[in-house]
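Quantities reported herein were computed from a predicted structural model and do not represent experimental measurements. Here is how names work: the chains are called A, B, and so on, in the same order as the sequence lines, proteins then strands, and each is numbered from 1.
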Amino acid sequence: MYVKKEHILAWLKDCAAIFVEQRDFLTQLDADIGDADHGLNMNRGFERVAEKVPSMEKQDIGTIMKTTGMTLLSSVGGASGPLYGTFYIRAAGVVVGKEKLTLEEMVNMLSAGVEGVVSRGKANIGDKTMCDVWWPVVDAGNVAIEQGFTLEKALELMVQAAEEGVIATIEMQAKKGRASYLGKRSIGHQDPGATSSMMMVQSLQRIVSAG
Amino acid sequence: MKKLINKIENVVKEQIEGLNLAHPELNVSLEPRYVWRDTDQGRVALLSGGGNGHEPLHAGFIGKGMLTAACPGEIFTSPTPDQMYECGHKINNDNGILFFIKNYTGDVLNFETAVEMLHADGIQVGSVLIDDDVAVKDSLYTAGRRGVAATVLIEKIVGAAAEEGYSLEQCEKLARRMNNVSRSFGVALSACVVPAAGKPSFVLEDDEIEFGVGIHGEPGIERRTYKELDSLVDQMFAELIECPPYSRELREWNRELGEWQDVEVLTEEFESDCEYIVLVNGLGGTPGSELYGAYRRLHQNCESAGYKIARNLIGNYCTSLNMEGFSITLLKADSEILRLWDAPVNTPALRWGC
């Protein structure tokens, strides 16, 4: 079983649909500890990405990921624009020319993306950021590779890690981004960036397992 | 909640169109979005930007003696790199471009990306990161002090310097020095309403204020009980003068090597018997009359502490939509700074000597 190019395109379209649906929810999470724009920004960015999907159908996965990253970079704004933009651009770098990905290649791709995010945003474990979802997701993927699990099973474990990662952000005190100015008052709130990242992982799993 | 807007998606676009109709001397690009004036040959170009919702910051400060251009983002959302990139190309006249960046994670990441893109095209770019908000105590556990109202003073002073013919290096050095002699502190009596959220970002009881707020409708560092104006100004003044030198690592762009370098930077001490430029800045929902009430008490505080107010500016300059509240900024001045402050400026929101 592979993650095919068609899956990636379907995933991007599905993300666009999710961020229409979850726009207000994400914005409300951001209103609690940030500046009340995360849902709106993700919605705007992925709407632009979805518009480009038809023109990306003949491209390889690397090019698709790069185009997605550049589009997010120029349409999202805020901190999430450069961070998600960098995620896709750096992920693109390790899947150049690919039409389909093995489990190992997919985990490798996500891992490269996360490294890019960390080099831009300099987050550490427990800072209450999207990385608190991405690190456990990549770890779960690597464990699945070691254990010789199927792609499908691996994605289920990655979703579980993402969901647990989001829950874990609730008790964290923000050390990065605008929520950090609240100090201890940021504790008790779910991180919006971690939440949108979790939604992206859930979507990837749903799309790939649907075949 | 009632708001003077049409569709949320068009808020910023329509407001920029309005600004342009009122000030046809400014030029506007809608896609990507930026506002600029025709550049003066032989002068460094000054480019600022940030989320919308702080008007008149920044587009209202474009004009002779101040900014060359501004890139407005969505409301409270930083602009994207393509805006600064295209705008940079538009205003480039080979004397270099100085970026004014307020210290927020989003602004920093987007502006840094644009610096790298312009550099790759052979354009000389300098930058100053403004972080004047002393409500934020440390940079270890937060994203560092925020950039707030001192931005107005710094853009004015460096704008005059560029007009006098300071080079990119000189403008950059001056801007960074201005940042290290500036301190701001803000309070909120009530929250603002972000159009997309449609309701206040927090709710306060009648006797409560948010102490130490930024300019994005976020709560402050703590909630305090409010009694009356004078004691509030006293508390703010104490925060402003009783703060030890602040050391933090700032990223500075090395134009020769084309890379970012982490540099340890220290703010300057404030002393009595020095001259200060004082800004009493409304956050958008406070009457001008109340700002003068605050200035009265601030003046008394400065007198008893021996701080000489050399110049003052009072009004809504760096706002947070309709937030009720205000901030105080002190900038330690010298003769060079005062000369640049007094120099003519001709922009939609700040105008004198012309």
J.: Out of A:Q173, A:K122, A:R23, A:M70, return the one with the most heavy atom pairs under 4.5 angstrom to chain B.
T.: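 Counting heavy-atom pairs under 4.5 Å, the top option is A:K122.
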J.: Can any side-chain N or O of A:R185 pair as donor or acceptor with the backbone N or O of B:G220 at less than 3.5 Å?
T.: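 At least one qualifying donor-acceptor pair exists.
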J.: What option among A:G77, A:S74, A:G81 has the most heavy-atom pairs under 4.5 Å with chain B?
T.: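 That would be A:S74.
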J.: First locate atom CG of B:L109, then atom CZ of A:R120, and finally report the distance between them rounded to the nearest 0.5 Å.
T.: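 Between atom CG of B:L109 and atom CZ of A:R120 there are 6.5 Å.
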J.: What is the distance from atom OG1 of B:T105 to atom NZ of A:K176, rounded to the nearest 0.5 Å?
T.: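 Here the rounded value is 8.5 Å.
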J.: Quick check on the interface: out of B:P79, B:S201, B:P81, who has the most heavy-atom pairs with chain A under 4.5 Å?
T.: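 Of the candidates given, the most pairs with chain A belong to B:P81.
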J.: Would you mind telling me which of A:G177, A:G34, A:S80 has the largest number of heavy-atom pairs within less than 4.5 Å of chain B?
T.: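 Ranked by heavy-atom pairs under 4.5 Å with chain B, first place is A:G177.
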J.: Do you know which of A:L182, A:D30, A:D24 has the most heavy-atom pairs under 4.5 Å to chain B?
T.: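 So the answer, after comparing A:L182, A:D30, A:D24, is A:L182.
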J.: Do other residues, nucleotides or ligands put more than 12 heavy atoms under 6.0 Å from the NZ atom of A:K66?
T.: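 Result for NZ/A:K66: open.
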J.: If you tally heavy-atom pairs under 4.5 Å against chain A, which of B:D107, B:T77, B:I221 wins?
T.: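 Ranked by heavy-atom pairs under 4.5 Å with chain A, first place is B:T77.
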J.: Based on non-hydrogen pairs under 4.5 Å, which of B:F76, B:Y85, B:F202 is most in contact with chain A?
T.: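 Result: the option with the highest number of such pairs is B:F76.
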J.: How about NZ on B:K3, more than 12 heavy atoms from neighbouring residues, nucleotides or ligands closer than 6.0 Å, or not?
T.: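 Count over threshold, so yes.
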J.: Measure distances from B:Q83 to the heavy atoms of chain A and classify the residue's part below 4.5 Å as side chain, backbone, both or neither.
T.: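 The answer is neither part of B:Q83.
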J.: Assess whether atom CD of B:E264 is packed by more than 12 heavy atoms of other residues, nucleotides or ligands within 6.0 Å.
T.: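 More than 12 heavy atoms, drawn from other residues, nucleotides or ligands, come within 6.0 Å of this atom.
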J.: Restricting to side-chain hydrogen bond (donor to acceptor under 3.5 Å, both in side chains), what partner residues turn up for A:T63, sequence neighbours left out?
T.: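 side-chain hydrogen bond (donor to acceptor under 3.5 Å, both in side chains) list for A:T63, sorted by chain: A:D60.
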J.: Need one label for A:S75: side chain, backbone, both or neither, based on atoms under 4.5 Å from any heavy atom in chain B.
T.: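 Contact with chain B is through the backbone of A:S75 alone.
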J.: Please check this pair: side chain of A:Y181 against backbone of B:V213, looking for a donor-acceptor N/O pair closer than 3.5 Å.
T.: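 The answer is no, because no donor-acceptor pair under 3.5 Å joins these two groups.
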J.: For B:L4, does the CG atom sit with more than 12 other heavy atoms under 6.0 Å from it, leaving out its own atoms?
T.: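 No, the 6.0 Å shell around CG holds no more than 12 heavy atoms from other groups.
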J.: Does the side chain to side chain contact (heavy atoms under 4.5 Å, CB included) test come out yes or no for B:T80 and A:L73, once each step is laid out?
T.: CA-CA 7 Å; B:T80 54; A:L73 197 63; over 6 Å; no
J.: Taking heavy atoms only and a threshold strictly under 4.5 Å, list by residue number the residues of residues 36-51 of chain A that touch chain B; give 'none' if the list is empty.
T.: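 The stretch touches chain B at A:A36, A:D37, A:L40, A:N41, A:R44.
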J.: Return yes if some donor-acceptor pair links the side-chain N/O of B:S78 with the main-chain N/O of A:G78 below 3.5 Å, else return no.
T.: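 The answer is yes, because a donor-acceptor pair under 3.5 Å joins these two groups.
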J.: I'd like to know which of B:E9, B:E112, B:R251 tops the heavy-atom pair count under 4.5 Å against chain A.
T.: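 Ranked by heavy-atom pairs under 4.5 Å with chain A, first place is B:R251.
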J.: By a 4.5 Å heavy-atom criterion (distance strictly below it), what part of B:E210 contacts chain A: side chain, backbone, both, or neither?
T.: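 For B:E210, side-chain heavy atoms alone lie under 4.5 Å from chain A.
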J.: Taking side chain as everything from C-beta outward and backbone as N, CA, C, O, which of these in A:A179 sits under 4.5 Å from a heavy atom of chain B? Side chain, backbone, both or neither.
T.: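 When you check distances to chain B, no heavy atom of A:A179 falls under 4.5 Å.
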J.: What pairs with A:D132 under side-chain hydrogen bond (donor to acceptor under 3.5 Å, both in side chains), at least two apart in sequence or on another chain?
T.: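 Residues passing side-chain hydrogen bond (donor to acceptor under 3.5 Å, both in side chains) with A:D132: none at all.
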J.: Determine whether more than 12 heavy atoms belonging to other residues, nucleotides or ligands lie under 6.0 Å from atom CD of B:E259.
T.: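 Enclosed: over 12 neighbouring heavy atoms sit under 6.0 Å from CD of B:E259.
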J.: Considering only heavy atoms, give the residues of residues 7-19 of chain A separated from chain B by less than 4.5 Å, sorted numerically, with 'none' for an empty result.
T.: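 Not one residue of residues 7-19 of chain A has a heavy atom under 4.5 Å from chain B.
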